[in-house]
Amino acid sequence: MDFLSPELLVALGVAAAAGLMRGFAGVGSGMLMAPVFAILFGPVQTVAVIVLMEIVVTGQLLPGVRREIDWKVIAPMGAAAACLMPVGSWLLVSLDPDLIARGIALVVVAFSVLLMAGWRYEGEKKLWATLGVGALSGVLMASTSLGNPPVMAYLLSSRDAAATNRANFTGYFAVTLVALIAMMAVAGLIDGRALLTAVALLPVFMAGAWIGSRLFRRSSEALYRRVALGLLLCVGLYGLLR
């Protein structure tokens with residue numbers, strides 16, 4: 001990508017909006033960026049750029065939420081995701097790029113509609129379900145950078161408070177992003193171009209996350225869900241209808 005091109009301006013705008021989403025909801029920035037970045041950079045570069053940006057912002061947000069994270073759920077979920085990431089990496093380099101881009105959008109729409117329809121998981125978080133969600137998330141994270149839809153459906157479907165869900169999302173990505181970056185680096189899927197692109201987009205992404213964090217403190221439970229799910233649905237529809 002030419003760093004003076006219109007594509008960079010589009011990417012900067014998307015990164016700023018995604019940072020706002022990440023800071024406010026604790027999740028969803030990958031969903032916001034992936035459909036657009038897949039068009040601009042291709043699927044392999046998209047995953048690399050997003051995970052590099054996400055790990056920095058996770059470090060930015062983690063100190064403020066670490067005491068609210070339910071590690072009894074997040075730790076096994078993150079471990080399962082890390083174990084299944086190699087499957088996702090194989091899919092990333094084996095499938096058609098346009099298929100991956102449209103698959104990203106389809107996943108976003110499906111999970112957004114599911115949650116907006118009011119679906120809830122009323123039971124306790126069983127270990128087998130937690131491990132299954134983590135495994136599916138790990139495959140999606142490594143293949144599309146979208147590991148959050150199954151995690152969102154699982155955690156947001158409960159009766160936990162918005163602050164608890166936001167903290168759990170941040171803790172989960174702290175675990176899984178470290179594993180994913182290490183795996184991708186060993187596999188040679190993170191190159192200099194991806195690093196430069198991430199560096200170029202990171203300032204606006206971090207600024208958006210900072211603003212989103214402050215907006216969250218003034219929000220209600222209902223507003224939290226409406227904003228998070230509404231944005232995800234719009235992005236998914238854009239990816240499908242482009």
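Among all heavy-atom pairs drawn from Arg22 and Phe173, the shortest one is NH2-CB, 3.9 Å. Smallest separation of non-hydrogen atoms from Gly171 and Ile69: CA-CD1, 3.6 Å. Leu155 and Asn165 get closest at one heavy-atom pair: O-OD1, 3.2 Å. Contact between Gln60 and Met206 at its shortest, heavy atoms only, is NE2-O, 3.3 Å. Across all their heavy atoms, Gly23 and Arg166 have their closest contact at O-NH2, 2.7 Å. Heavy-atom minimum distance, Phe205 versus Ala15: CD1-O, 3.2 Å.
No donor-acceptor pair closer than 3.5 Å links the side chain of Thr164 to the backbone N or O of Asp160. A side-chain donor-acceptor contact under 3.5 Å links Thr46 to the backbone of Phe37. Distance alone, capped at 3.5 Å, places no donor-acceptor pair between the Arg214 side chain and the Ile211 backbone. Although no hydrogens or angles enter the test, the distance criterion places a donor-acceptor pair under 3.5 Å between the side chain of Ser213 and the main chain of Ala209. Of the possible polar contacts, one joining the Tyr224 side chain to the Ala25 backbone as a donor-acceptor pair under 3.5 Å is found.
Between the side chains of Ser137 and Tyr154, no donor-acceptor pair is found at a separation under 3.5 Å.
In this structure, CD1 in Ile190 is found 5.5 Å from CD1 in Ile181, a value given to the nearest 0.5 Å.
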TODO: For Met77 and Val133, run side chain to side chain contact (heavy atoms under 4.5 Å, CB included): C-alpha distance rounded to whole Å, both residues' side-chain angles, the deciding distance at 0.1 Å, then the answer.
DONE: CA-CA 7 Å; Met77 188 186 296; Val133 169; 4.3 Å; yes

- [ ] Take Leu233 and Val113 through the test side chain to side chain contact (heavy atoms under 4.5 Å, CB included) and record every step on the way to the result.
- [x] CA-CA 7 Å; Leu233 180 60; Val113 170; 3.9 Å; yes

Open item on the list: What verdict does the side chain to side chain contact (heavy atoms under 4.5 Å, CB included) test give for Met183 and Val186, after you've listed the backbone C-alpha separation in whole Å, the side-chain angles of each residue and the deciding distance to 0.1 Å?
Closed with: CA-CA 5 Å; Met183 186 192 65; Val186 170; 5.9 Å; no

TODO: I would like to know whether Met85 and Thr176 meet side chain to side chain contact (heavy atoms under 4.5 Å, CB included); could you show each step before the answer?
DONE: CA-CA 9 Å; Met85 283 178 187; Thr176 54; 3.8 Å; yes

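For Val10, the side chain to side chain contact (heavy atoms under 4.5 Å, CB included) partners at least two apart in sequence or on another chain are Val14, Val36, Leu40. Judged as a side chain to side chain donor-acceptor pair (under 3.5 Å), and not counting sequence neighbours, the contacts of Gln45 are Asp191.
Note: the hydrophobic cluster containing Leu223 also contains Met116 (ILVMFWY, side chain heavy atoms under 4.5 Å, direct or indirect links).
Trp71 CH2: more than 12 foreign heavy atoms inside a 6.0 Å radius.
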